Amino acid sequence: MPTILGQNQYGKAENRVVKITRDGDTHHIKDLNVSVALSGDLDDVHYSGSNAHVLPTDTTKNTVFAFAKEHGIESAEAFGVLLARHFVENTEPIHKARIRIEEYDWERIETSDANSKFIGADEVKHSFVRKGQEIRTAQITFDGESVEVLSGLKGLTVLNSTNSEFWGYIKDRYTTLKEDYDRILATEVASVWRHNWTGAEGERTPNWDKSYAQTKKHMLQAFAETYSLSLQQTLYQMGSRVINSRPEIDEIRFSMPNKHHFKVDLSPFDIKNEAADGAVYYAADRPYGLIEATVLRDGATPRIPVDMTNL
């Protein structure tokens with residue numbers, strides 16, 4: 001049976017780039033994991049092995065590091081846009097470039113006061129501690145005409161210790177879960193959101209760092225302020241808050257596992273364990289409910305792949 005080549009791409013994955021910027025004695029750090037995927041006129045390399053249209057993956061790796069030095073890293077999104085445009089505009093057989101980035105955040109370590117017995121302790125501005133809240137993500141795609149920027153995060157663990165219920169669900173012969181009118185609601189948020197910026201001439205470029213910080217803030221506020229009857233309801237409120245608050249975002253997708261917390265049965269010890277009295281729970285690791293959905297601005301076309309946020 002004859003075969004034909006389908007979708008294909010290639011590149012260098014997980015280039016770990018750490019860029020230090022020195023502003024006198026004060027240093028700044030950007031820590032990225034950058035993956036490059038290129039596609040275009042690549043039939044011959046698959047059919048005959050001809051590398052005439054192939055930019056070596058080693059070259060893409062070198063470009064990532066060289067760009068970090070030559071252009072600096074303003075933000076994950078801005079750096080990805082530079083790379084994507086470069087590969088398409090400077091390599092004729094390449095028609096599309098996709099750059100995926102994870103950013104690992106660091107914060108400056110606060111040092112002792114000026115009266116410290118340690119010499120120079122009040123002058124240290126180059127020490128950092130890795131933040132542990134979440135990993136920032138970005139995917140930038142350029143096809144020679146327009147840019148698509150998907151920002152996101154993963155590993156953002158949140159918990160409400162009350163103001164959450166779960167009841168009124170379908171029950172059949174296999175249902176053992178009891179209705180709960182005061183439960184812990186916890187999840188680990190993975191989210192991707194699409195900017196409506198396309199990189200067209202004259203189009204105002206978003207402030208990527210501010211947009212990310214504000215989007216995360218609206219997510220967390222909605223999570224905290226929603227009296228939840230289901231994780232689905234909370235997810236929708238988080239997405240709606242982002243869309244309604246950030247005009248540069250048209251679409252946001254979530255993948256949110258329900259990190260179950262079950263009250264421990266202490267009745268064998270004649271001990272009551274009720275939420276209202278401050279219950280003791282055990283946190284279940286697996287299995288977990290997995291809630292996923294996209295929230296769109298009215299009239300927007302969904303473009304974020306449905307499996308992009310799968311855990």
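All figures in this text were calculated on a predicted structure; none of them were measured in a lab.
- Using a cutoff of 4.0 Å between basic side-chain nitrogens and carboxylate oxygens, Glu102 and Lys154 are scored as salt-bridged.
- Atom NZ of Lys178 has 12 or fewer heavy atoms from other residues, nucleotides or ligands within 6.0 Å.
- Here the closest non-hydrogen pair linking Ile304 and Leu150 is CG1-CD2, 4.0 Å.
- Remark: side-chain polar atoms of Asp180 are paired, donor with acceptor, to backbone N or O of Asp182 under 3.5 angstrom.
- Residues His46 and Asn8 meet the side-chain proximity criterion, which asks for heavy atoms closer than 4.5 Å.
- In this structure, the side chain of Asn51 does not engage the main chain of Val54 through any donor-acceptor pair within 3.5 Å.
- Using bins of under 30°, 30° to 60° and over 60° for the plane-to-plane angle, the ring pair Trp208/Trp197 lands in the perpendicular bin.
- With ring centers used as reference points, Phe79 lies 6.0 Å or more from His71.
- Under the 3.5 Å distance criterion, with hydrogens and angles disregarded, a donor-acceptor pair is assigned to the side chains of Thr175 and Asp172.
- A donor-acceptor pair is defined here as one N or O able to donate and one able to accept, closer than 3.5 Å; such a pair exists between the side chain of Ser48 and the backbone of Asp44.
- Closest approach of Ala84 and Ile140 over heavy atoms only: CB-CG2, 4.1 Å.
- Criterion: ILVMFWY side-chain heavy atoms under 4.5 Å apart, direct or through other members. Under it, Leu83 and Tyr10 are part of a common hydrophobic cluster.
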Start with the C-alpha gap between Val264 and Tyr281, add the side-chain angles, then the distance that decides, and say whether side chain to side chain contact (heavy atoms under 4.5 Å, CB included) holds.
CA-CA 5 Å; Val264 179; Tyr281 301 82; 5.6 Å; no
Report the C-alpha separation of Asp285 and Lys259 in whole Å, then their side-chain angles, then the decisive distance to 0.1 Å, and conclude whether the salt bridge (charged side-chain N to carboxylate O under 4.0 Å, His left out) test is met.
CA-CA 7 Å; Asp285 179 61; Lys259 300 179 76 69; over 6 Å; no
Please assess Glu103 against Thr137 for the test side chain to side chain donor-acceptor pair (under 3.5 Å), listing each intermediate value before the final yes or no.
CA-CA 6 Å; Glu103 179 174 350; Thr137 64; over 6 Å; no
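- A salt bridge links Arg241 to Glu225: at least one charged side-chain nitrogen sits closer than 4.0 Å to a carboxylate oxygen.
- Gln237 and Thr226 are not linked by any side-chain donor-acceptor pair at a separation below 3.5 angstrom, with hydrogens and angles left out of the test.
- A donor-acceptor contact shorter than 3.5 Å is absent between the side chain of Ser75 and the backbone of Asp209.
- Checked by atom type and distance alone, the side chain of Tyr236 never pairs as donor or acceptor with a backbone atom of Ala293 at under 3.5 Å.
- Note that CG of Leu185 is 10.5 Å distant from OG of Ser161, once rounded to the nearest 0.5 Å.
- His260 NE2 to Leu177 CG: the interatomic distance, rounded to the nearest 0.5 Å, is 8.5 Å.
- Ion pairing between a basic and an acidic side chain is recognised when a charged N comes within 4.0 Å of a carboxylate O; Arg303 and Glu148 show such pairing.
- The environment of NZ in Lys217 is crowded: more than 12 heavy-atom neighbours from other residues, nucleotides or ligands sit within 6.0 Å.
- If you take OG on Ser35 and CD1 on Ile99, they are separated by 9.0 Å, rounding to the nearest 0.5 Å.
- In this structure, the side chain of Arg297 engages the main chain of Ile249 through a donor-acceptor pair within 3.5 Å.
- A salt bridge links Glu77 with Arg136: at least one charged nitrogen is closer than 4.0 Å to a carboxylate oxygen.
- Judged purely by atom type and a 3.5 angstrom limit, Tyr104 has no side-chain atom pairing as donor or acceptor with the backbone of Asn33.
- Annotation for Phe254 and Val189: closest pair CD2-CG1, 3.9 Å, computed over non-hydrogen atoms.
- For the pair Tyr227 (side chain) and Glu165 (backbone), a donor-acceptor distance under 3.5 Å is absent.
- You'll find the side chain of Phe87 stays beyond 4.5 Å of the side chain of Lys96, heavy atoms only.
- Side-chain contact of Ser151 with His195: a donor-acceptor pair under 3.5 Å is present, judged by distance alone.
- If you chain together hydrophobic residues whose side chains sit under 4.5 Å apart, Ile29 and Leu32 never meet in one group.
- Defined by atom type and a distance below 3.5 Å, a donor-acceptor pair is missing between the side-chain atoms of Arg246 and Thr215.
- At distances below 3.5 Å, at least one donor-acceptor pair connects side-chain atoms of Ser230 with backbone N or O atoms of Gln233.
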Does Glu74 form a salt bridge (charged side-chain N to carboxylate O under 4.0 Å, His left out) with Lys30? I'd like the steps, not just the answer.
CA-CA 9 Å; Glu74 177 187 332; Lys30 283 288 189 178; over 6 Å; no
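- Here the shortest heavy-atom pairing between Pro257 and Glu188 reads CD-O, 3.1 Å.
- The structure places CG of Asn62 at 8.5 Å from NZ of Lys12, a figure rounded to the nearest 0.5 Å.
- Nearest heavy atom pair, residue Tyr288 against residue Asn258, reads CB-O, 3.5 Å.
- The side-chain heavy atoms of Asp265 and Asn273, taken from C-beta on, include no pair separated by under 4.5 Å.
- Residues Arg100 and Val36 fail the side-chain proximity criterion, which asks for heavy atoms closer than 4.5 Å.
- Phe166 is listed as a side-chain neighbour of Arg183, based on a closest heavy-atom distance under 4.5 Å.
- Checked against Ser191 for a side-chain contact (heavy atoms from CB on, under 4.5 Å), the options Ile252, Leu235, Val242 give a single hit: Ile252.
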When you look at His95 and Asp41, which way does the side chain to side chain contact (heavy atoms under 4.5 Å, CB included) test go after all the steps?
CA-CA 7 Å; His95 303 157; Asp41 186 6; 4.1 Å; yes
Test side chain to side chain contact (heavy atoms under 4.5 Å, CB included) on Val147 and Arg85 and set out the steps.
CA-CA 8 Å; Val147 180; Arg85 287 189 181 278; 3.6 Å; yes
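- Side chains of Ser164 and Ile184 form no contact here, defined as non-hydrogen atoms less than 4.5 Å apart.
- Between Glu92 atom CD and Ile94 atom CD1 the span is 10.5 Å, to the nearest 0.5 Å.
- The distance from atom CG of Asp105 to atom CD of Glu134, rounded to the nearest 0.5 Å, is 7.5 Å.
- Considering every non-hydrogen atom in both Glu145 and Asp143, the closest pair reads N-OD1, 3.0 Å.
- Remark: Lys216 fails to qualify as a cation-pi partner of Tyr212 under the 6.0 Å distance and 45° angle criteria applied to the six-membered ring.
- Of the possible donor and acceptor atoms, one in the side chain of Glu203 sits under 3.5 Å from a partner among the backbone N and O of Thr198.
- Note: the hydrophobic cluster containing Val280 also contains Phe269 (ILVMFWY, side chain heavy atoms under 4.5 Å, direct or indirect links).
- Contact check for Val192 versus Gln139: no side-chain heavy atoms found under the 4.5 Å cut-off.
- Of the N and O atoms on the side chains of Thr234 and Ser228, at least one donor lies less than 3.5 Å from an acceptor on the other residue.
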After noting the C-alpha distance and the side-chain angles of Gln232 and Met256, does the key distance pass the side chain to side chain contact (heavy atoms under 4.5 Å, CB included) rule?
CA-CA 9 Å; Gln232 287 92 330; Met256 295 169 57; over 6 Å; no
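- No path of Ile, Leu, Val, Met, Phe, Trp and Tyr side chains, each step under 4.5 Å between heavy atoms, connects Val158 with Ile135, placing them in separate hydrophobic clusters.
- Taking 4.5 Å as the limit, some side-chain heavy atom of Thr294 sits within range of a side-chain heavy atom of Leu296.
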